[in-house]
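A quick write-up on the structure given underneath.
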Amino acid sequence: MPFVSTVRSPSDPSAAAPQDVAFRTRADQVYAQLKRDVAEFSLVPGDRFTENEISERLGVSRTPVRQALFRLQQEGFVEVLFRSGWRVLPFDFDQFEQLYDLRMVLETTAVHRLCESDHRVDRSLLDSLASIWLVPAAQRSTDTVQVAQWDEAFHCALVEAAGNAEMARVHRDVTERIRIIRRLDFTKQPRIDATYDEHAKILKAIRANRGDQAAMLLRAHIETSQAEVRKITLHQVHMAQHAGRMRRPGR
């Protein structure tokens, strides 16, 4: 759908606003779709493509596509090739390891604060977590997408409940940056069961004000997830690359 411009005075600082907002919205949509393509291995490390190809596939102009690609470039998912389009970069596991380390520091610090007598602690957030994770086995969700969302919300809520807004802000940024691989932790039922069990133990330790135990349980939980995600990601990349080769002409 073409953009509809509104005639304004050149001196009006909002003259270009309607078009800019529309482009930002479309750029966000393109960004989200391309990030899903990478996360779901529709775009595999090493794949090359042009802005025109993405524009035609998504039915948008090149401007929002370019904006989305520059954003993905800044995040380390793609690179621009001189006169030959774009390329999907390999996952930077060293960076992911560093982000997981930062996440560990933030979350273990948060649970220690949750176990102290601090008026800033949001007990209502902890109660809402208990209503999801401290349930009988028969009431547990088996929906992998839902559990992945709940898992992310669990860890964000622990940090937010601790009452430090800056810690929560940094943690949300880390969460956004690891989401693309972290979602792979819930592809098998045993990992869902383990997540319920581990979250329940962490919450019970927090409720009992056992900070050291809660931090220990949380650290083990994150390390297990980290190892599992790396293993699954490498396997998924290999399978997707193999499937891509089999689809090429001449096979």
message = I need the Ser225 OG to Arg191 CZ distance, nearest 0.5 Å.
response = 5.5 Å

task = Hey, could you give me the CD1/CZ distance between Ile54 and Phe49, rounded to the nearest 0.5 Å?
result = 5.0 Å

ask   = Do Phe70 and Trp86 have ring centroids that are under 6.0 Å from one another?
value = yes

key: Side-chain H-bond candidate by donor/acceptor type, Ser124 with Asp122, under 3.5 Å   = yes

query = So, Lys231 and Glu228, do they make that salt bridge, N to O below 4.0 Å?
reply = yes

task = Would you check if Phe77 and Leu43 make a side-chain contact, meaning some heavy-atom pair closer than 4.5 Å?
result = no

Closest contact, heavy atoms only, Gln33 versus Leu58 = CG-CD2, 3.8 Å

inquiry  = Within the 4.5 Å heavy-atom criterion, are Glu152 and Gln149 side-chain neighbours or not?
reply    = no

task = Please report the closest heavy-atom contact between Glu160 and Ala168, naming both atoms and the distance.
result = CA-CB, 4.2 Å

Under-4.0 Å salt bridge between Glu116 and Arg113 = no

ask   = Going by atom types only, do Arg26 and Gln29 share a side-chain donor-acceptor pair under 3.5 Å?
value = no

note = Which of Arg179, Arg177, Lys35 passes salt bridge (charged side-chain N to carboxylate O under 4.0 Å, His left out) with Glu75? It is Lys35

query = Where do Leu217 and Ala205 come nearest, in terms of heavy atoms and distance?
reply = CD1-CB, 4.2 Å

ask   = Do the side chains of Lys201 and Gln213 get nearer than 4.5 Å, heavy atoms only?
value = no

request  = Supply the atom-to-atom distance Leu114 CG to Asn209 CG, rounded to the nearest 0.5 angstrom.
outcome  = 9.5 Å

message = Which residue is it: Val78, Val88, Leu81? I am looking for the one with a side-chain contact (heavy atoms from CB on, under 4.5 Å) to Arg48.
response = Leu81

inquiry  = Is the shortest side-chain heavy-atom distance between Leu106 and Leu102 below 4.5 Å?
reply    = yes

query = Looking only at heavy atoms, which two atoms of Tyr31 and Ala68 are closest? And how far apart?
reply = N-CB, 3.5 Å

query = So, for Thr108 and Val111, which heavy atoms are closest and what is the spacing to 0.1 Å?
reply = O-CG2, 3.1 Å

ask   = So, Asp173 and Arg103, do they make that salt bridge, N to O below 4.0 Å?
value = no

note = Between the CD1 atom in Ile178 and the CD atom in Gln95, the distance rounded to the nearest 0.5 Å is 11.0 Å

ask   = Same cluster for Leu89 and Val44 if Ile/Leu/Val/Met/Phe/Trp/Tyr side chains link at under 4.5 Å?
value = no

Rounded distance [0.5 Å steps], SG in Cys156 versus CD in Glu107 = 7.5 Å

ask   = Is the side chain of Glu53 donor-acceptor paired with the backbone N or O of Thr50 at a distance under 3.5 Å, no angle test?
value = yes

Pairs touching residues 128-140 that satisfy side-chain hydrogen bond (donor to acceptor under 3.5 Å, both in side chains), sequence neighbours left out = Arg140-Asp197

request  = Indicate the ring-plane relationship of His155 and His221, choosing parallel, tilted or perpendicular according to the 30° and 60° boundaries.
outcome  = parallel

message = Using side-chain heavy atoms (C-beta onward) and a distance below 4.5 Å, is Asp37 in contact with Arg57?
response = yes

task = Could you pull out the closest heavy-atom pair between Pro45 and Pro90, with the gap in Å?
result = CB-CA, 3.7 Å

key: Donor-acceptor pair between Gln98 and Asp94 side chains, under 3.5 angstrom   = no

inquiry  = By the ring-ring contact (aromatic ring centres under 6.0 Å, His included) test, which pairs, at least two apart or in different chains, include something from residues 161-182?
reply    = none

ask   = For Phe93, is the NZ or CZ atom of Arg230 found under 6.0 angstrom from the centre of its six-membered ring and inside 45 degrees of the ring axis?
value = yes

key: Single-linkage hydrophobic cluster Leu218~Met167, side-chain heavy atoms < 4.5 angstrom   = yes

task = Please check if the side chain of Tyr196 supplies one atom and the backbone of Pro136 the other of a donor-acceptor pair under 3.5 Å.
result = no

key: Student check: side-chain heavy atoms of Val159 and Arg172 closer than 4.5 Å   = no

key: pair Leu126-Arg207: side-chain heavy atoms closer than 4.5 Å   = no

Validation row: Leu69, Val65 side chains within 4.5 angstrom (heavy atoms) = yes

inquiry  = For a quick check under 3.5 Å, do Asn52 and Glu56 share a side-chain donor-acceptor pair by atom type?
reply    = no

